[in-house]
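Reckoned from all heavy atoms, side chains included, excluding hydrogens, waters and symmetry mates. Numbers here are sequence positions counted from 1.
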Amino acid sequence: MRRKASVLRLSPNEEAQLVREELESRRKLRLQQVREQERYIARQVRRQVQERRQQQLQMLSDSLQIEWQQQHTLKLQALSTLYQHSLETVGHAHRSAQDSEPDLEALAEKSVERQERAEERHREALRELSARRHEEEQQRCRLIEARRKALVEEKKRAVRVASLPPPPPNPVESIGKATPRPIRAAAELFSVTHCHMPHSAVDRETHTEQQPSARQAAALELQRVEDLRREAARERQEQLEKARLRGTHALRREQHTQDRARLLSELERLQTADLLRRRQAVHSVPAQIFQPLYRHEELRDEQQRELEIAFQDVYTQERKVKGDVVLQLVPEPLPPLSAASHDEELDVTLDPECAPEGEETPSETPGGQPIREEHVRSAVTGPP
C-alpha cells in the first residue's frame with residue numbers, strides 16, 4: 001500500500017509571523033484607506049470653502065454695487081437740487097443791491113460823529129500826558145527841594161545857636177590844667193596886701209587805707225586771664241575731640257553704606273547667576289518628564305505612524321506605485337544558506353520519496369491561501 005503524501009504544516013513561529021504580516025498588511029491598507037478618505041474630505045472642504053468664498057465675494061460685490069448706485073443717485077439728486085436753486089436765484093444779488101442803496105446823509109453824520117469822538121479822545125490823551133509829565137517832574141525835583149529846605153533850616157539853626165551866650169566852663173575839665181603861678185610884684189606897687197587865689201575843685205582822698213593793692217589786683221587779673229586761657233584751650237580740645245568723633249562716626253557710616261551697597265550688588269549678581277543656572281537646568285530637562293505615561297505611549301505611537309507614512313510616501317514616490325502597497329512589494333533574494341544555519345530538524349521540505357515526481361505540493365494557510373516558497377524559506381532560515 002502506497003503511503004499517502006504527507007501534508008506540509010506550518011510551525012507556530014511561521015503561523016505567528018504570517019498573522020503578523022497579515023495584520024501589518026491590513027493595517028497599512030487601512031492607513032491608505034484612511035488617508036484617501038482624509039484627502040477626499042480635504043478636497044470636499046476646500047471646494048466648499050472656495051464656493052463659500054466665491055459666494056461671499058459675489059455678495060460683497062453686489063452690496064458694493066448697490067451702495068455705489070445709491071450714493072450716485074443721491075449725488076445726482078443733490079446736484080440737480082443745487083442747479084435748480086441756482087437757476088432760481090439768478091439776479092437776486094442785483095435786485096438786492098438796487099433795493100439797498102447807501103444813505104449818504106446818515107454816513108456823513110456818522111463820519112462827523114466819529115471825528116468829534118476822535119478829537120475828544122485826543123484832548124483827553126493830551127491832558128493825561130501833561131499830568132503824567134508834571135508828576136514825573138515833581139518826583140525828580142523833590143530831592144532837590146528837600147535838600148534846599150534842609151540847608152535853609154540848617155542856616156537858621158546855626159544863626160540861632162551863634163546868638164546864644166557861651167556856656168559856663170566845666171569845672172571837671174579845668175582839673176587837669178595847671179594853675180597859673182601868680183605874678184609876684186613888689187610890695188610898693190600894691191596899695192593893699194590882698195591876693196586873690198583861684199578856687200580848686202579837687203578833693204583830697206581821705207580813706208586811703210581802703211584802696212585795694214595793685215599787686216594783688218594784677219595777680220588776680222593774671223589768674224583770671226590764665227583761667228580764661230585754660231578754659232578756651234579746654235573748649236577747643238573738646239571741640240576737636242567732638243569733631244574727631246563725628247568724623248569717625250561719619251567715616252564708619254559711609255563704610256557701612258558702601259559695604260551694604262557692595263553686598264547688595266554681590267547678592268544681586270549671585271541671584272542673577274542662580275536664576276540663569278536654574279533656567280538652564282530647566283531648559284536642559286526633557287519635556288517628557290513633565291508628561292504622564294500615557295502621553296509617552298501616544299507620542300511613540302504618533303512617531304511610529306509618522307515614520308510609516310513617511311516611508312510609504314517615499315516608497316510610492318520612488319516606485320510610482322498605484323493601489324495597494326502591500327501587493328506591490330517585491331521580495332528581495334535571500335542570502336545563501338550556510339552550514340552553521342542549516343538545521344535538519346527544522347527542514348520542512350517535502351520528502352522526495354513521498355512526493356510524486358514532476359509535481360509540487362503547494363502548502364495552504366489556515367485560511368485556505370497558498371504559501372509561497374519565499375515565505376517558507378524565510379520561516380526556516382530566519383530573516384536576512
Discussion item. Do the side chains of R278 and D274 get close enough for a salt bridge, i.e. N-O under 4.0 angstrom?
Written reply: yes
Worksheet item: Can you find a pair of side-chain heavy atoms, one from V49 and one from R52, that are under 4.5 Å apart?
Response: yes
Worksheet item: Which is it for E135 and R132 under the salt bridge (Lys or Arg N to Asp or Glu O under 4.0 Å) test, yes or no, and what are the steps along the way?
Response: CA-CA 5 Å; E135 185 178 357; R132 188 178 301 157; over 6 Å; no
Worksheet item: Under 6.0 Å from the CD atom of E266, do we count more than 12 heavy atoms belonging to anything else shown?
Response: yes
Worksheet entry | Gap separating the CD atom of E221 from the CD atom of E226, nearest 0.5 angstrom | 12.0 Å
Discussion item. Can you confirm whether more than 12 heavy atoms, excluding those of R39, are under 6.0 Å from its CZ atom?
Written reply: yes
Item to complete: Would you indicate whether the side-chain heavy atoms of T81 and H85 approach each other to under 4.5 Å?
Response: no
Worksheet item: Hey, are E308 and R27 close enough for a salt bridge, meaning a charged N less than 4.0 Å from a carboxylate O?
Response: yes
Worksheet entry | Nearest-0.5 Å distance that lies between atom CZ in R260 and atom OG in S265 | 11.5 Å
Discussion item. Contact between D313 and R35 at the side-chain level, heavy atoms closer than 4.5 Å - yes or no?
Written reply: yes
Item to complete: Kindly indicate whether the side chain of L79, heavy atoms from C-beta on, has any atom under 4.5 Å from the side chain of Y83.
Response: no
Worksheet, complete the sentence: Which of Q303, E297, R295 passes side chain to side chain contact (heavy atoms under 4.5 Å, CB included) with L299? It is R295
Item to complete: State whether the number of non-hydrogen atoms from other residues, nucleotides or ligands found under 6.0 Å of R123 atom CZ is greater than 12.
Response: yes
Item to complete: Might you work through the salt bridge (Lys or Arg N to Asp or Glu O under 4.0 Å) test for D227 and R224, ending with a clear yes or no?
Response: CA-CA 5 Å; D227 293 341; R224 187 180 67 83; over 6 Å; no
Worksheet entry | Interatomic spacing from CZ in R53 to CD in Q58 - rounded to 0.5 Å | 14.0 Å
Worksheet item: Any side-chain heavy atom of Q50 sitting closer than 4.5 Å to one from R46?
Response: no
Worksheet entry | Over 12 foreign heavy atoms within 6.0 Å of CD, E128 | no
Practice prompt. Hey, could you give me the NE2/CG distance between H283 and L276, rounded to the nearest 0.5 Å?
Written response: 9.0 Å
Worksheet item: Any luck finding a side-chain donor-acceptor pair between Q44 and Y40 under 3.5 Å?
Response: yes
Item to complete: May I ask you to say whether R26 pairs ionically with E22, meaning some side-chain N is under 4.0 Å from a carboxylate O?
Response: yes
Practice prompt. First locate atom CD of E116, then atom CZ of R121, and finally report the distance between them rounded to the nearest 0.5 Å.
Written response: 11.5 Å
Worksheet item: Would a 4.5 Å heavy-atom cut-off, applied to side chains only, mark L64 and E67 as touching?
Response: yes
Worksheet entry | Among R262, Q255, H256, the one residue meeting side-chain hydrogen bond (donor to acceptor under 3.5 Å, both in side chains) with D259 | R262
Worksheet item: Is the count of non-hydrogen atoms from other residues, nucleotides or ligands lying under 6.0 Å from E235 atom CD greater than 12?
Response: yes
Worksheet item: Do E268 and L264 pass the side chain to side chain contact (heavy atoms under 4.5 Å, CB included) test, and can you show the C-alpha distance, the side-chain angles, and the key distance before you say yes or no?
Response: CA-CA 6 Å; E268 185 177 359; L264 289 178; over 6 Å; no
Item to complete: Run the salt-bridge test on E153 and K149 with the 4.0 Å N-O cut-off and return the result as yes or no.
Response: no
Worksheet item: Between E136 and R133, is there a salt bridge with N-O shorter than 4.0 Å?
Response: no
Practice prompt. Please determine which of Q115, E120, E119, E113 meets the side-chain hydrogen bond (donor to acceptor under 3.5 Å, both in side chains) test together with R117.
Written response: E113
Worksheet item: Is the closest side-chain heavy-atom distance between R20 and Q17 below 4.5 Å?
Response: yes
Practice prompt. Mark yes when over 12 heavy atoms from residues, nucleotides or ligands other than Q216 sit less than 6.0 Å from its CD; otherwise mark no.
Written response: no
Fill in: K242 NZ to L245 CG distance, which is reported to the nearest 0.5 Å
9.5 Å
Practice prompt. Could you walk me through whether R142 and E145 pass the salt bridge (Lys or Arg N to Asp or Glu O under 4.0 Å) test, one step at a time?
Written response: CA-CA 5 Å; R142 182 166 54 186; E145 187 67 22; over 6 Å; no
Worksheet item: Above 12 or not: heavy atoms from other molecules or residues under 6.0 Å from CD of E105?
Response: no
Worksheet item: Is the closest side-chain heavy-atom distance between Q77 and L74 below 4.5 Å?
Response: yes
Worksheet item: Counting only heavy atoms not in R230, do more than 12 fall under 6.0 Å of its CZ?
Response: yes
Discussion item. Going by side chain to side chain donor-acceptor pair (under 3.5 Å), name the residues that satisfy it together with E154, two or more places apart in sequence or in a different chain.
Written reply: R157
